[in-house]
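These numbers come from a predicted model, not from an experiment.
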Amino acid sequence: MFGYYLKIAWVSIRKTPLLSLLIVLTVAVGIAASMTTYTVQYMMSKDPLPGLSDRTFQIQLNSWGPEKPYGYEGDEERTTRHITLQDAKNLLAAKQAPLQTAIGEFAEFVYSEDQSFSDGIGTGIRTVTIDFFAMMRAPFLYGTAWSAEDDEAGTDVTIISKKLNDKLFGGVNSIGKSIVIGERQYRIVGVMDDWPMLPKFYGAPFEAYQPTRDVFVPFFNQIRHELLTRSELAFNCWTAPADDSIRAFFNSECVWIMFWVQLDTPSDRKRYLDFIFDYAKDQRQFGRFQRDGFHKMYSVEEFLLNEEVVSKDTKIGVWLAFLFLIVCLLNCMSLMTAKFHSKAAEVGLRRAVGASKQNLFAQFSCEILLLALFASVLGMLMTLAGLHFTKSAYSYLSAELMTMDVNMVLATLGLAIVATMAFGLLPIIKAIQVQPASQLKSQ
């Protein structure tokens with residue numbers, strides 16, 4: 001019987017092609033607008049470290065000057081997300097967390113040994129300690145992270161991205177080869193595979209949705225060679241460095257380093273929080289940490305919320321897109337009502353020869369289902385086109401942000417079908433209420 005109803009539904013759609021096409025287009029446009037916006041918001045809000053986000057913490061130390069606080073969060077004093085180099089060294093040396101990493105950066109030109117400086121690619125260099133790769137689940141295509149010895153010594157070694165490896169070495173295994181960063185040769189020990197982490201919480205919030213850095217070098221390599229690009233660096237100073245040199249900057253109270261730890265149990269977290277408060281008390285003996293308390297540990301989720309990585313404007317945009325979808329569906333409902341109203345004579349005749357309201361309901365539901373299927377497919381194609389356009393318009397953002405995973409594909413198809421069927425109920429119910437006698441008399 002279902003096959004028979006589908007056959008009748010297809011005949012009905014072919015009899016009113018323009019009206020049927022208008023219904024499909026109306027639903028598809030609404031689906032595309034809402035799901036394009038929602039897909040971006042969904043990808044922006046994903047858990048970047050499934051299973052580890054509640055065990056990975058960002059450390060904030062209030063080493064700001066005694067005259068005035070760094071800022072306020074409501075009525076509570078607030079500190080910066082960065083710490084000083086001196087504090088990063090001390091926390092690393094204390095080894096109070098199973099995994100810990102200090103994160104810095106600088107900018108430089110990068111090129112292969114066979115190229116000249118003029119062929120170099122200007123890029124931001126991420127400097128990290130060795131635990132970074134295990135903490136962040138960085139995937140490797142070739143090689144591994146550098147050794148603990150290279151990490152402590154700040155050796156001239158590097159890990160590059162798959163993208164840079166493709167560009168400089170044609171995608172072959174480049175382990176053991178070298179690239180030039182600035183004026184120094186760095187031996188490649190690892191090539192990272194595509195790394196679709198979103199959002200990239202470990203750096204500055206404005207970088208959360210940008211592509212992964214192409215070059216990673218040991219944190220202490222940056223310190224050893226005094227590498228710094230102030231124009232590319234997020235930093236704050238409550239008192240000026242002794243002079244304009246990079247060494248003076250490193251020795252100053254300027255904060256510029258992100259520090260993350262992994263703590264597996266609640267007792268570990270309490271112990272580490274006690275440790276940083278005790279550390280601050282010890283530093284007071286040297287005239288530092290003159291402000292009381294306000295040392296913080298933020299989990300990944302708390303950090304993202306605190307830094308408003310997903311802005312309120314994005315969430316408002318999603319609501320507006322779904323309101324537009326409702327408007328499209330209401331228009332679609334009107335079109336369906338007009339479509340079924342034209343079938344009044346057919347309904348009256350079928351009722352007169354014995355068809356029940358249930359039979360007519362099933363028949364018209366099959367017609368709506370066919371329209372919903374067409375709308376879902378067209379809506380999916382328009383959504384993919386919308387994401388492609390968004391990717392082109394915002395090329396500085398990570399491409400993964402405008403990519404649909406399996407869940408979003410199924411959600412798009414399901415929403416189109418369910419919404420169309422739901423908004424088609426009222427037109428169907430109105431259509432099957434037609435009395436046979438009134439239609440036969442009119443004939």
Side-chain angles (χ1 to χ4, degrees), residues 101-151 153-198 200 202-204 206-229 231-233 391-392 394-403:
T101 184
I103 303 175
E105 62 182 309
F106 65 95
E108 194 51 272
F109 282 90
V110 176
Y111 49 99
S112 70
E113 295 176 284
D114 301 328
Q115 295 176 314
S116 63
F117 180 83
S118 60
D119 298 320
I121 304 167
T123 187
I125 314 293
R126 180 74 69 192
T127 64
V128 299
T129 51
I130 188 172
D131 287 348
F132 171 87
F133 303 101
M135 290 176 65
M136 306 303 169
R137 293 175 172 170
F140 281 86
L141 182 63
Y142 304 117
T144 60
W146 49 73
S147 67
E149 293 76 15
D150 287 336
D151 193 62
T155 308
D156 294 347
V157 293
T158 183
I159 292 170
I160 64 175
S161 69
K162 180 178 181 292
K163 175 185 172 184
L164 186 63
N165 189 62
D166 291 343
K167 187 176 184 65
L168 296 183
F169 302 103
V172 301
N173 188 343
S174 58
I175 302 304
K177 297 182 180 180
S178 296
I179 61 171
V180 182
I181 301 177
E183 299 177 350
R184 297 182 181 87
Q185 284 193 352
Y186 283 72
R187 176 171 52 87
I188 299 171
V189 297
V191 176
M192 285 197 294
D193 204 348
D194 292 328
W195 190 11
M197 174 190 278
L198 287 175
K200 296 176 181 65
Y202 52 78
F206 69 85
E207 295 182 275
Y209 302 107
Q210 294 181 4
T212 304
R213 297 286 180 93
D214 288 322
V215 182
F216 291 76
V217 302
F219 175 76
F220 286 106
N221 181 272
Q222 177 181 13
I223 308 307
R224 182 166 70 90
H225 291 310
E226 296 184 0
L227 302 171
L228 193 72
T229 312
S231 61
E232 299 291 327
L233 186 70
K391 188 186 300 185
S392 301
Y394 298 94
S395 58
Y396 60 89
L397 296 176
S398 174
E400 286 82 8
L401 194 61
M402 279 72 76
T403 304

All heavy atoms of V217 vs all of F106, minimum pair found to be CG2-CE2, 4.0 Å
Taking every heavy atom of S174 against every heavy atom of N165, the minimum-distance pair comes out as OG-OD1, 2.6 Å
Find the distance between [atom1] ([X]) and [atom2] ([Y]) and round it off to the nearest 0.5 Å.
X    : Y    : atom1 : atom2 : answer
T127 : E105 : OG1   : CD    : 7.5 Å
S112 : K167 : OG    : NZ    : 11.0 Å
I103 : Q222 : CD1   : CD    : 12.0 Å
D156 : I181 : CG    : CD1   : 8.5 Å
D114 : D119 : CG    : CG    : 10.5 Å
L164 : Y111 : CG    : OH    : 13.5 Å

Taking the side chain as every heavy atom from C-beta outward, state whether [X] and [Y] have any pair of such atoms under 4.5 Å apart.
X    : Y    : answer
V157 : P218 : yes
L198 : Y209 : yes
R213 : V128 : no
V110 : I125 : yes
V180 : F117 : no
F169 : V191 : no
R187 : D150 : yes
D214 : K163 : yes

For Y186 and N221, which I'm curious about, is there any donor-acceptor pair between the side chains at under 3.5 Å?
yes
How are the rings of Y202 and W195 set to each other: parallel, tilted or perpendicular (split at 30° and 60°)?
parallel
Aromatic rings W146 and F133: how do their planes relate, parallel, tilted or perpendicular, breaks at 30° and 60°?
perpendicular
As a quick check of understanding, evaluate side-chain contact (heavy atoms from CB on, under 4.5 Å) for V189 and T144, giving each step before the final call.
CA-CA 6 Å; V189 297; T144 60; over 6 Å; no
Check this for me: does any side-chain nitrogen of one of R126 and E207 sit under 4.0 Å from a carboxylate oxygen of the other?
yes
Assess the residue pair K200 and T212 against the criterion (side-chain contact (heavy atoms from CB on, under 4.5 Å)); give the C-alpha distance rounded to whole Å, side-chain angles, the decisive distance to 0.1 Å, and a yes or no.
CA-CA 8 Å; K200 296 176 181 65; T212 304; 2.9 Å; yes
Is it the case that atom CD in E113 sees more than 12 heavy atoms from other parts of the structure closer than 6.0 Å?
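Result for CD/E113: enclosed.
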Is the distance between the ring centroids of F219 and F132 less than 6.0 Å?
no
Given L168, V172, I160, the one that forms side chain to side chain contact (heavy atoms under 4.5 Å, CB included) with K177:
V172
